[in-house]
Trainee: 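The structure is given below, and queries will be raised subsequently.
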Amino acid sequence: MKRPHLKHVLAACSAAVVMMSASAFATTIGVSMAYFDDNFLNTLRQAMADQAKSMPDVKIQFEDARGDTGRQLSQVQNFVAQKVDAIIINTTDSSATGRMTQIISAAGIPLVYVNRKPAEDTLPEKVVFVGSDENVSGTLEAEELAKQLNYKGNVAIMMGELATNAAELRTKGVEKVVAKYPGMKIVQKQTANFLRAQALDLMNNWIVSGEKIDAVAANNDEMAIGAILALQQAGISPKKVLVGGIDATADALAEMKDGNLAVTVFQDARGQGRGALESAVKLAKGEKVEKNVMVPFQLVTKDNYKQFMGN
């Protein structure tokens, strides 16, 4: 039997070492999402998955918390037990982040909160937030609605999940704008939990109550679309009751194209997703990352909506 040449043996060994090294130094990222079935969050998750494909040394593992804080905490504990290199969390409850931050930091694992800001005013070392300034989104939405109303009219606010920082700040933004104009006032303010079906029911209730509403400022596009569906079922023109949303999802832009949605605000889900993964990988490698990586909001109206299609 012919013995292999020494240089061939060395070459094979070198290739094996390279493969083992690549595997050994692969960066594993655990991601817990508040929901998989939310349109905006699905886009954010897909952006992370797409970004990971362009990073051959990165492995990403997604978990669906299904809106359950206890489930999300369990997922975090599992990631820590697996000794992942970094963790990304899209929190179900902004007020419940303290415990998760504590567990992850104690394990020495870098942490990135994405889209929904944690409750802590000061984040520990190797913990960052990637998202957008929610103080801006509600303000942009309400200012455009006010403009289209000629600064006069009754406004109803559809709030998202009350446990989220986004719902709180978007609502405050709308309230501050309405308070600026003497001819405007808020006549309704209730939650529909960021969900289209709940918003449809809530809007139906408002219609049946007979209260005069000139504009609906929804904390997100899903609720805005729910309000639009209810108004359509009741035979009420989109010119009679203006509806605004936030996120500039594909469904919302389709409604704007049809003349049903007065305003939305582009929140860059893909930008946030890519930024979250890139930040997590940098932290895992010991590189420095800004504590707050902010992706700007942009106003979307009938005049510029086409440029946001496909984003």
Side-chain angles (χ1 to χ4, degrees), residues 20-36 38 41-42 44-132 163-166 269-295:
M20 288 175 64
S21 297
S23 175
F25 292 103
T27 303
T28 303
I29 312 292
V31 183
S32 175
M33 299 292 299
Y35 296 97
F36 275 10
D38 176 275
L41 296 182
N42 183 54
L44 189 150
R45 176 167 56 96
Q46 189 59 53
M48 284 189 271
D50 291 342
Q51 185 75 356
K53 290 175 184 175
S54 69
M55 306 166 83
D57 61 337
V58 173
K59 294 182 179 179
I60 192 164
Q61 177 184 339
F62 291 101
E63 297 291 344
D64 183 2
R66 302 180 197 171
D68 186 326
T69 302
R71 181 187 295 271
Q72 187 160 65
L73 179 59
S74 178
Q75 290 168 357
V76 164
Q77 291 169 328
N78 287 339
F79 287 147
V80 170
Q82 293 170 31
K83 297 182 179 180
V84 298
D85 297 295
I87 294 172
I88 298 173
I89 298 175
N90 168 246
T91 182
T92 60
D93 184 347
S94 298
S95 65
T97 55
R99 176 66 175 149
M100 290 185 284
T101 301
Q102 183 181 32
I103 291 170
I104 296 167
S105 295
I109 298 174
L111 167 62
V112 177
Y113 284 105
V114 63
N115 181 249
R116 297 178 176 183
K117 196 168 186 178
E120 299 96 305
D121 291 328
T122 303
L123 296 175
E125 187 181 357
K126 295 198 292 187
V127 181
V128 304
F129 169 67
V130 177
S132 302
T164 64
N165 178 265
R270 289 183 174 83
Q272 289 183 11
R274 289 191 296 266
L277 185 61
E278 288 169 358
S279 297
V281 171
K282 285 180 180 178
L283 289 169
K285 292 179 178 179
E287 299 176 24
K288 285 193 173 183
V289 177
E290 291 290 327
K291 276 292 179 187
N292 292 285
V293 180
M294 305 307 289
V295 181

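In what follows, every heavy atom counts, from backbone to side chain, and hydrogens, waters and symmetry copies are set aside. If you're wondering where the values come from, they're calculated on a predicted model, not measured in any experiment.
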Trainee: Give a yes-or-no answer on whether the side chains of Gln61 and Thr28 include a donor-acceptor pair shorter than 3.5 Å.
Mentor: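 Judged by distance alone, the side chains do not pair up.
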
Trainee: Just how far is it from atom CD1 of Ile87 to atom CD of Gln75, taken to the nearest 0.5 Å?
Mentor: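 Nearest 0.5 Å value for the CD1-CD distance: 10.5 Å.
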
Trainee: Using a 3.5 Å distance criterion without hydrogens, assess whether the side chain of Lys117 forms a donor-acceptor pair with backbone atoms of Thr164.
Mentor: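 Flag not set: sc Lys117 to bb Thr164 has no pair under 3.5 Å.
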
Trainee: What's the shortest heavy-atom distance between Ile29 and Val58, and which atoms?
Mentor: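 Smallest interatomic distance, heavy atoms only, reads CG1-CG1, 4.1 Å.
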
Trainee: Should Met33 and Asp38 count as side-chain neighbours, where that means a heavy-atom distance under 4.5 Å?
Mentor: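 Side-chain contact under 4.5 Å: no.
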
Trainee: Do you know which two heavy atoms are closest between Val289 and Lys282, and how far apart they sit?
Mentor: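 Where Val289 meets Lys282 most closely, the heavy atoms are CG2-CB, 3.7 Å.
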
Trainee: Going by atom types only, do Gln46 and Asp50 share a side-chain donor-acceptor pair under 3.5 Å?
Mentor: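 Distance-only check passes for Gln46 and Asp50.
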
Trainee: How many angstroms lie between atom OG1 of Thr91 and atom CG of Asp93, to the nearest 0.5 angstrom?
Mentor: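 Going from the OG1 atom of Thr91 to the CG atom of Asp93 covers 6.0 Å.
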
Trainee: How close do Ala119 and Thr97 get, heavy atom to heavy atom, and via which atoms?
Mentor: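 Residues Ala119 and Thr97, closest heavy atoms: N-OG1, 3.1 Å.
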
Trainee: Provide the closest heavy-atom pair for Tyr113 versus Pro118 in the form atom of the first, atom of the second, distance.
Mentor: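 Heavy atoms only, the tightest pair is CD1-CG, 3.6 Å.
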
Trainee: For the atom pair CD (Glu287) and CD (Glu278), what is the distance rounded to the nearest 0.5 Å?
Mentor: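 So the CD of Glu287 and the CD of Glu278 are separated by 11.0 Å.
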
Trainee: Can you give me the closest heavy-atom contact between Ala276 and Met48, atom names plus distance?
Mentor: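 Taking Ala276 first and Met48 second, the nearest heavy atoms are CB-SD, 4.5 Å.
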
Trainee: Quick one: does any side-chain atom of Gln72 pair with a main-chain N or O of Thr92 as donor and acceptor, under 3.5 Å?
Mentor: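 Looks like yes, one N/O pair under 3.5 Å.
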
Trainee: Would you give the length of the straight line joining atom CG of Leu73 to atom CZ of Arg99, rounded to the nearest 0.5 angstrom?
Mentor: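 Those atoms lie 6.5 Å apart.
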
Trainee: Taking all non-hydrogen atoms of both residues, which atom of Ala47 and which atom of Arg270 are closest, and how far apart?
Mentor: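 In this case the closest contact between Ala47 and Arg270 is CB-CA, 3.5 Å.
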
Trainee: Hey, is the main chain of Val114 close enough, under 3.5 Å, to the side chain of Asn90 for a donor-acceptor pair?
Mentor: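 Checked: pair present.
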
